[in-house]
Amino acid sequence: MNVLMVLSVSAAQSLVPRDLVMVDVVRAPRLQAEHAFHQLTVKFHDAARARVGDDGQVYFLGAVPVAQAAALQELAAMWGVTFRPQITLSASAIAQLEARAAASSGRAQPDLAGMMVVEVDGDAGELEALGEALRALPMVERAHITEAFPEPPADIDPVTPDYTEQQDYLGSSIGIDAEYVWDLGIDGSGLRVTDIEYGWNPEHEEFADLNTELESGQTIPQVIYDYGYDSHGTAVWGEIGADNGSYGVTGGAHGVQLAGYLEYSNEEGYRRPTAILSAAADSAVGDLILLEMQVTGPGGDYGPAELDPDVWDAVRLAVDAGVVVVAAAGNGNQDLDSSDYSTYRSWGDSGAIIVGAGSADSAHDCLYFSTHGTRVDVQGFGEQVFTTGYGYYAELSGDKNQRYIDSFNGTSSASPIVTVAAALLQHAALELSGEPLTSEEIRDILIDTGTAQGSGGEIGPLPNVPAAIAALAEQHPLLISIESPEEIYEGELPELTYTLESKNLGVTFAWTLDDGTKLTAFPDDGAYTVLLTATDDFGRSAEDALDITVLNAAPTLEVTNTTEPVEGWTFTIRSASADVAADTVTVTWWLDGEAIATGESADLTFGDDGTHELLVVASDEDGGETRWTEMLTVANADPTIIDVSGDAAEAGVTTTLTVSARDVEADTLSASWDFGDGESGEGLSSAHTYSAEGSYTAVVTVTDDDGGSATAELTVDVSAAPASKESGGSCSTAAAAPQLGMLLGLFVAGHRRRPPRRDA
């Protein structure tokens with residue numbers, strides 16, 4: 001669940017200066033891959049505002065003295081170098097990114113454009129010399145050499161199988177259940193774990209891609225390799241921080257920074273107290289130190305290293321400095337509650353978490369060799385631990401960097417398991433409160449929440465990581481608060497935001513109304529109480545309530561009109577409206593300010609052409625209203641000629657031609673005639689005399705007062721005039737007068753007939 005945050009930085013607001021990222025020496029790393037190469041980069045101080053020109057030279061937008069700029073130019077010329085930007089984003093993208101980061105953190109951000117790659121040919125030594133020369137310039141923040149184009153993280157050939165199912169010490173059945181909290185993002189990230197013993201193999205495939213650290217200035221004597229003690233440290237590292245990859249094993253706290261400090265070195269010989277104090281000096285508050293060492297005690301066999309008073313003093317100082325110390329109890333079957341160890345007990349509590357060796361099963365019995373007593377706090381698996389090193393289980397292709405063991409044992413195998421639990425608990429503490437736990441606080445929680453020991457001498461419970469974090473979580477309850485929204489409308493699923501004032505360790509959220517129903521879209525306007533309940537995988541819960549007023553939402557309205565209206569036609573315009581189920585929507589149609597219909601559609605008929613305003617209003621009973629309006633332009637309709645007729649015609653005798661037509665009532669019709677003999681006339685009924693017999697085509701055009709017209713033709717057959725009667729002639733009658741044959745071939749052009757009623 002995301003928390004909505006709005007951040008801004010005003011021009012007047014000052015930013016906290018950022019910490020400079022400096023290097024003490026420019027050093028070329030060993031190239032790992034055949035195709036890899038060294039790359040020298042430089043970062044100029046932010047205030048210099050260094051930029052790269054098209055010619056590959058650097059210029060400055062900030063206040064850089066001329067002499068300093070000239071010194072850079074001279075150095076570039078002497079070495080024959082050019083520069084190119086390391087960050088290839090556009091200038092606008094860089095500016096936006098820097099502004100966003102500054103607004104979020106309140107801290108000044110680095111000038112990304114001032115990060116450049118130095119283009120120069122040279123071997124590693126030459127690059128180091130050039131880098132040191134650049135670093136000496138006052139405007140340069142740092143220069144360093146990186147391995148460019150390394151190969152990706154991968155298993156070393158041959159492919160190593162996935163052995164994680166054999167790491168039952170990390171599981172939930174009989175182990176510490178570290179895997180459970182990995183899914184919550186708890187993996188030890190941000191913490192440093194320093195193992196103090198004889199040696200390690202950082203080149204093992206499980207560590208080759210990790211940023212492991214070895215103590216500066218100290219080297220491993222050959223005798224350590226002769227005895228194989230470097231495999232011991234490799235096995236310990238594997239339990240704690242092996243790479244969380246697709247092969248081999250996975251460290252129980254694989255997010256930690258692994259470090260190794262020597263208890264015996266070429267330079268100083270035996271140096272346990274020094275190694276502990278050196279590790280403490282290099283550790284931050286809350287970091288961890290593991291003492292993979294033992295010493296012969298007054299009882300005659302191995303007990304914890306702090307039986308040596310110098311070691312005890314060093315451990316106490318480290319714990320007082322805020323470092324968590326985990327230490328092996330030793331494999332000497334010593335009873336620390338016996339009289340032999342009364343002096344040791346008189347020293348008091350060093351603050352270290354002392355670890356005994358327990359059985360690798362659900363009984364968690366004390367193993368026969370483990371030192372025990374009330375001073376032994378917790379236990380880990382002292383047998384059958386699958387991890388890196390030795391090669392007793394597998395050594396693929398005879399490669400020491402692919403060695404694995406399934407039988408790492410003793411308090412040596414037990415102590416890393418407890419270190420994993422302590423690191424995961426510390427990571428959770430930092431997430432929950434931002435404050436690290438002390439060594440004693442972690443010890444108390446692991447003891448109080450662990451899985452009880454079985455038989456044998458007292459070695460304490462096996463840590464239960466989820467239970468430990470759950471107990472810690474109880475000290476830091478969930479706190480949530482809903483933020484009041486500006487506006488929420490009925491029918492909406494509200495976008496409510498909240499603040500979670502604790503780490504989201506498996507937190508789930510439930511939004512409900514006060515009647516317990518799931519919060520969905522609000523069914524109607526009105527007053528509501530919204531509840532947010534948060535629970536997590538560790539039993540924490542919190543609830544916040546918010547009274548909100550839900551506003552009425554106006555109905556939605558969509559009007560469909562695809563018809564161009566014409567006078568005299570009837571057409572239908574339809575609408576679609578919607579609202580929440582609780583509201584009733586009424587759709588009202590208005591034409592030129594007059595209500596003409598209600599409902600989802602309206603039939604419109606216009607008696608004349610012209611422009612009209614159509615308004616459609618969808619309203620609900622809560623006052624919500626949505627309007628749609630359109631100016632309708634009604635087109636003129638041409639007249640429709642119904643009939644053209646005429647009387648029988650003979651030459652020299654006047655006849656009358658008539659046309660009948662229809663149009664909308666508002667239009668006035670007129671007619672003009674072309675009689676086909678070169679003569680014309682006007683009127684719906686027009687008289688005309690044809691002078692000679694023949695067949696004539698009369699054309700009539702009917703026009704309305706808006707310019708619409710229709711044309712029709714009439715064929716007029718004109719007979720000859722009758723002959724005169726002879727004086728004194730016979731008494732027979734004249735031939736019957738010829739009848740005028742009228743061919744009414746009606747041809748209508750340029751007009752529209754009245755169509756049937758159409759819907760939009």
**Student:** Go through the structure and list residues passing side chain to side chain contact (heavy atoms under 4.5 Å, CB included) with Ser173, not counting sequence neighbours.
**Tutor:**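 Result, side chain to side chain contact (heavy atoms under 4.5 Å, CB included) vs Ser173: none returned.
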**Student:** How are the rings of Phe509 and Tyr498 set relative to one another: parallel (under 30°), tilted (30 to 60°) or perpendicular (over 60°)?
**Tutor:**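 Correct class here is tilted.
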**Student:** For Leu478 versus Ala534, what's the shortest heavy-atom pair and its separation?
**Tutor:**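 Here Leu478 and Ala534 meet closest at CD1-O, 3.9 Å.
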**Student:** Distance check, rounded to the nearest 0.5 Å: Glu630 atom CD versus Leu614 atom CG?
**Tutor:**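 These two atoms lie 7.0 Å from each other.
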**Student:** My understanding is that only one of Thr563, Asn561, Asp603, Thr560 makes a side-chain hydrogen bond (donor to acceptor under 3.5 Å, both in side chains) with Thr572; could you say which?
**Tutor:**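 It is Asp603, the one option of Thr563, Asn561, Asp603, Thr560 that forms the side-chain hydrogen bond (donor to acceptor under 3.5 Å, both in side chains) with Thr572.
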**Student:** With side-chain contact (heavy atoms from CB on, under 4.5 Å) as the criterion, how do His427 and Leu425 come out once you've worked through the C-alpha distance, each side chain's angles and the decisive distance to 0.1 Å?
**Tutor:** CA-CA 5 Å; His427 185 186; Leu425 182 58; over 6 Å; no
**Student:** For the atom pair OG1 (Thr41) and CZ (Arg84), what is the distance rounded to the nearest 0.5 Å?
**Tutor:**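 Here the interatomic distance stands at 10.5 Å.
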**Student:** Testing the basics here: between Ala698 and Leu657, what is the closest heavy-atom pair and its distance to 0.1 Å?
**Tutor:**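 That would be CB-CD1, 4.0 Å.
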**Student:** Which pairs count as side chain to side chain donor-acceptor pair (under 3.5 Å) when at least one residue sits in residues 463-478, sequence neighbours excluded?
**Tutor:**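 Qualifying pairs, neighbours excluded: none.
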**Student:** Between Thr598 and Thr588, does any side-chain donor sit less than 3.5 Å from a side-chain acceptor?
**Tutor:**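 Side-chain D/A pair, Thr598 to Thr588: absent.
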**Student:** I need the single residue from Lys43, His45, Arg49 that forms a side-chain hydrogen bond (donor to acceptor under 3.5 Å, both in side chains) with Asp111. Which is it?
**Tutor:**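 Answer after filtering Lys43, His45, Arg49: Arg49.
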**Student:** Identify every side-chain donor-acceptor pair in residues 524-531 under 3.5 Å, counting partners at least two apart or on other chains, and give the distances.
**Tutor:**
from, atom 1, to, atom 2, distance (Å)
Tyr528, OH, Asp524, N, 3.4
Tyr528, OH, Asp524, O, 2.7
Thr529, OG1, Asp547, OD1, 2.6

**Student:** Would Leu184 and Trp182 count as a side-chain contact (heavy atoms from CB on, under 4.5 Å) here? Give the steps.
**Tutor:** CA-CA 5 Å; Leu184 302 178; Trp182 294 346; over 6 Å; no
**Student:** Testing the 3.5 Å rule here: is there a donor-acceptor pair between the side chains of Ser672 and Glu682?
**Tutor:**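 The criterion, which ignores hydrogens and geometry beyond distance, is not satisfied for Glu682 and Ser672.
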**Student:** Is Val420 close to Ile176 at the side-chain level, that is, under 4.5 Å between some pair of heavy atoms?
**Tutor:**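 In contact.
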**Student:** Quick one: does Thr658's side chain get under 4.5 Å of Val644's, heavy atoms only?
**Tutor:**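 No - every pair of side-chain heavy atoms lies 4.5 Å or more apart.
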